[in-house]
Amino acid sequence: RMVIVAKGLSDEESSIFEKSLSYKPQYGILAYDAVVVIVNRESKDSVFTIAQLKDILSGKNKVTAVMDGKNATSTVRYIQDSILRGGTFGANVVATENSERVIEVVSDNPGMIGFVGLSWVGDSYDPKQAAYQKKIRSALIECVKCEEKGMFARPSQASLAYGEYPLARPLYYILKENASGLGTGFMNFMSLERGQLIFRRSFLVPAK
């Protein structure tokens, strides 16, 4: 009845659903996550512009980039859409089984960078994540919306909320109900105060 995903519906997708269901599914943004660029603690380079990230991901810069799969994940799709703008990955982009493995690989290799969701590295109360933070750090990324040029931001709830960190990834609900039901009730719960506070406590940024 409802899914939570990192992508809304395109006009074409909405049209396909409308033809099969006789109504358009509702969708909207519930919260914002961040795609975090992580580097080893020993790495000399931890500040990047969007253009530099694009050069790495396209293979123009041969720094090894690690992510959780090349085809299926929301992180990969976001990077292709928002940084590469539909371009293809270079041969220097390698895949691991999951986000945890991305962190482990970057922890052991100072010359690599990795891409993971904020929820994997943003919770300083989690002992496992606190241990990760002794081996890796989050890179500073150029703020593309800031009026003052040359501003860089580290991923956090604050930098996402103020639009300073550029790699913000929306989390959407897509609701396949044409009347009040379980999916509609759950969507309403997540859109109101208690539901939004759950996202906040999960180190995401409430959208409402």
Side-chain angles (χ1 to χ4, degrees), residues 1-37 57 66-89 93 95-103 114-123 126 129 144-145 155-208:
R1 301 186 188 192
M2 191 191 74
V3 294
I4 299 176
V5 289
K7 177 183 179 299
L9 292 174
S10 67
D11 291 339
E12 183 181 359
E13 289 165 340
S14 291
S15 178
I16 291 170
F17 279 118
E18 186 175 16
K19 288 177 182 176
S20 62
L21 300 171
S22 299
Y23 64 88
K24 283 188 178 181
Q26 300 177 48
Y27 70 95
I29 299 173
L30 286 169
Y32 291 92
D33 186 14
V35 172
V36 182
V37 181
L57 291 164
V66 190
M67 56 187 66
D68 58 341
K70 287 191 177 181
N71 300 310
T73 71
S74 60
T75 300
V76 170
R77 185 198 59 77
Y78 176 86
I79 288 169
Q80 286 183 312
D81 290 350
S82 300
I83 301 179
L84 289 175
R85 302 293 181 182
T88 57
F89 290 117
V93 178
T96 61
E97 310 90 86
N98 51 46
S99 294
E100 187 172 11
R101 184 63 184 145
V102 172
I103 297 168
F115 295 82
V116 295
L118 180 60
S119 58
W120 282 95
V121 292
D123 186 352
D126 183 336
Q129 292 194 25
V144 296
K145 293 182 179 178
S156 68
Q157 286 175 306
S159 63
L160 284 170
Y162 287 109
E164 296 167 349
Y165 188 75
L167 304 182
R169 173 173 58 182
L171 295 180
Y172 293 85
Y173 70 86
I174 302 178
L175 180 65
K176 194 183 75 172
E177 281 188 341
N178 201 23
S180 294
L182 182 62
T184 304
F186 189 43
M187 181 272 291
N188 288 336
F189 170 77
M190 289 190 298
S191 300
L192 297 175
E193 183 178 14
R194 289 180 65 194
Q196 289 286 286
L197 285 171
I198 292 172
F199 288 114
R200 179 176 177 269
R201 180 61 187 85
S202 302
F203 295 90
L204 304 175
V205 176
K208 299 180 182 296

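Remark: the S82 side chain and the R169 side chain contain no N/O donor-acceptor pair separated by less than 3.5 Å.
Under the 4.5 Å side-chain criterion, counting only non-hydrogen atoms from C-beta, I174 is not in contact with E13. A 4.5 Å side-chain heavy-atom check between L160 and P155 finds every atom pair outside the cut-off. Within the 4.5 Å cutoff, the side chain of R194 has no heavy atoms near those of the I198 side chain. Under the 4.5 Å side-chain criterion, counting only non-hydrogen atoms from C-beta, V36 is not in contact with W120. Using a 4.5 Å heavy-atom threshold, the side chains of L175 and T184 count as touching. Considering only heavy atoms from C-beta on, L84 comes within 4.5 Å of F89 through its side chain. The shortest side-chain heavy-atom distance between I83 and L167 falls under the 4.5 Å cut-off.
Nearest heavy-atom pair, M187 versus S191, reported as atom, atom and distance to 0.1 Å: O-OG, 2.8 Å. The minimum heavy-atom distance linking A6 with Y172 is given by the pair C-CD1, 3.9 Å. Taking each heavy atom of G122 and F203 in turn, the nearest pair found is O-CD2, 3.5 Å. Between T96 and R101, the closest heavy-atom pair is CB-CG, 3.6 Å.
Distance alone, capped at 3.5 Å, places no donor-acceptor pair between the Q26 side chain and the Y173 backbone. Judged by distance alone, the side chain of Y165 and the main-chain N or O of V35 form a donor-acceptor pair under 3.5 Å. Within the 3.5 Å criterion, the main-chain N or O of D68 finds no donor-acceptor partner in the side chain of E97. Not a single donor-acceptor pair under 3.5 Å links the side chain of E177 to the backbone N or O of R1. Judged purely by atom type and a 3.5 angstrom limit, S15 has no side-chain atom pairing as donor or acceptor with the backbone of D11. Remark: side-chain polar atoms of Q196 are paired, donor with acceptor, to backbone N or O of A207 under 3.5 angstrom. Under the 3.5 Å distance criterion, the side-chain polar atoms of E18 are left unmatched by any main-chain donor or acceptor of Y23.
Here D33 contributes atom CG and Q157 contributes atom CD; the two are 10.5 Å apart, rounded to the nearest 0.5 Å. Atom-to-atom distance recorded for L204:CG and Y32:OH is 12.5 Å, nearest 0.5 angstrom. Note that the CG atom of L118 and the OG atom of S156 stand 8.0 Å from one another [nearest 0.5 Å]. Separation of atoms OG (S22) and CG (N178) is listed at 9.0 Å; rounding is to 0.5 Å. The line from OG of S119 to CG of D126 is 10.5 Å long, rounded to the nearest 0.5 Å. Once rounded to the nearest 0.5 Å, the distance linking CD1 of I79 with CE of M67 reads 4.0 Å.
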Q: In sequence, state the C-alpha distance, the side-chain angles, and the governing distance for K24 and F17, and then conclude on side-chain contact (heavy atoms from CB on, under 4.5 Å).
A: CA-CA 6 Å; K24 283 188 178 181; F17 279 118; over 6 Å; no
Q: Determine, step by step, whether F115 and V37 satisfy the side-chain contact (heavy atoms from CB on, under 4.5 Å) criterion, reporting the C-alpha distance in whole Å, the side-chain angles of both residues, the deciding distance to 0.1 Å, and the verdict.
A: CA-CA 5 Å; F115 295 82; V37 181; 3.6 Å; yes
Q. Going through the distances and angles, do I4 and M190 end up as a side-chain contact (heavy atoms from CB on, under 4.5 Å)?
A. CA-CA 11 Å; I4 299 176; M190 289 190 298; 3.7 Å; yes
Q: May I have the step-by-step check of side-chain contact (heavy atoms from CB on, under 4.5 Å) for I103 and V121, ending in yes or no?
A: CA-CA 9 Å; I103 297 168; V121 292; 3.8 Å; yes
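Counted within 6.0 Å of NZ on K208, heavy atoms from surrounding residues, nucleotides or ligands total more than 12; the atom is thus considered enclosed. Counting non-hydrogen atoms of other residues, nucleotides and ligands closer than 6.0 Å to NZ of K176 gives a total of 12 or fewer. Shown here is Y162, whose OH atom has no more than 12 heavy atoms of other residues, nucleotides or ligands within 6.0 Å.
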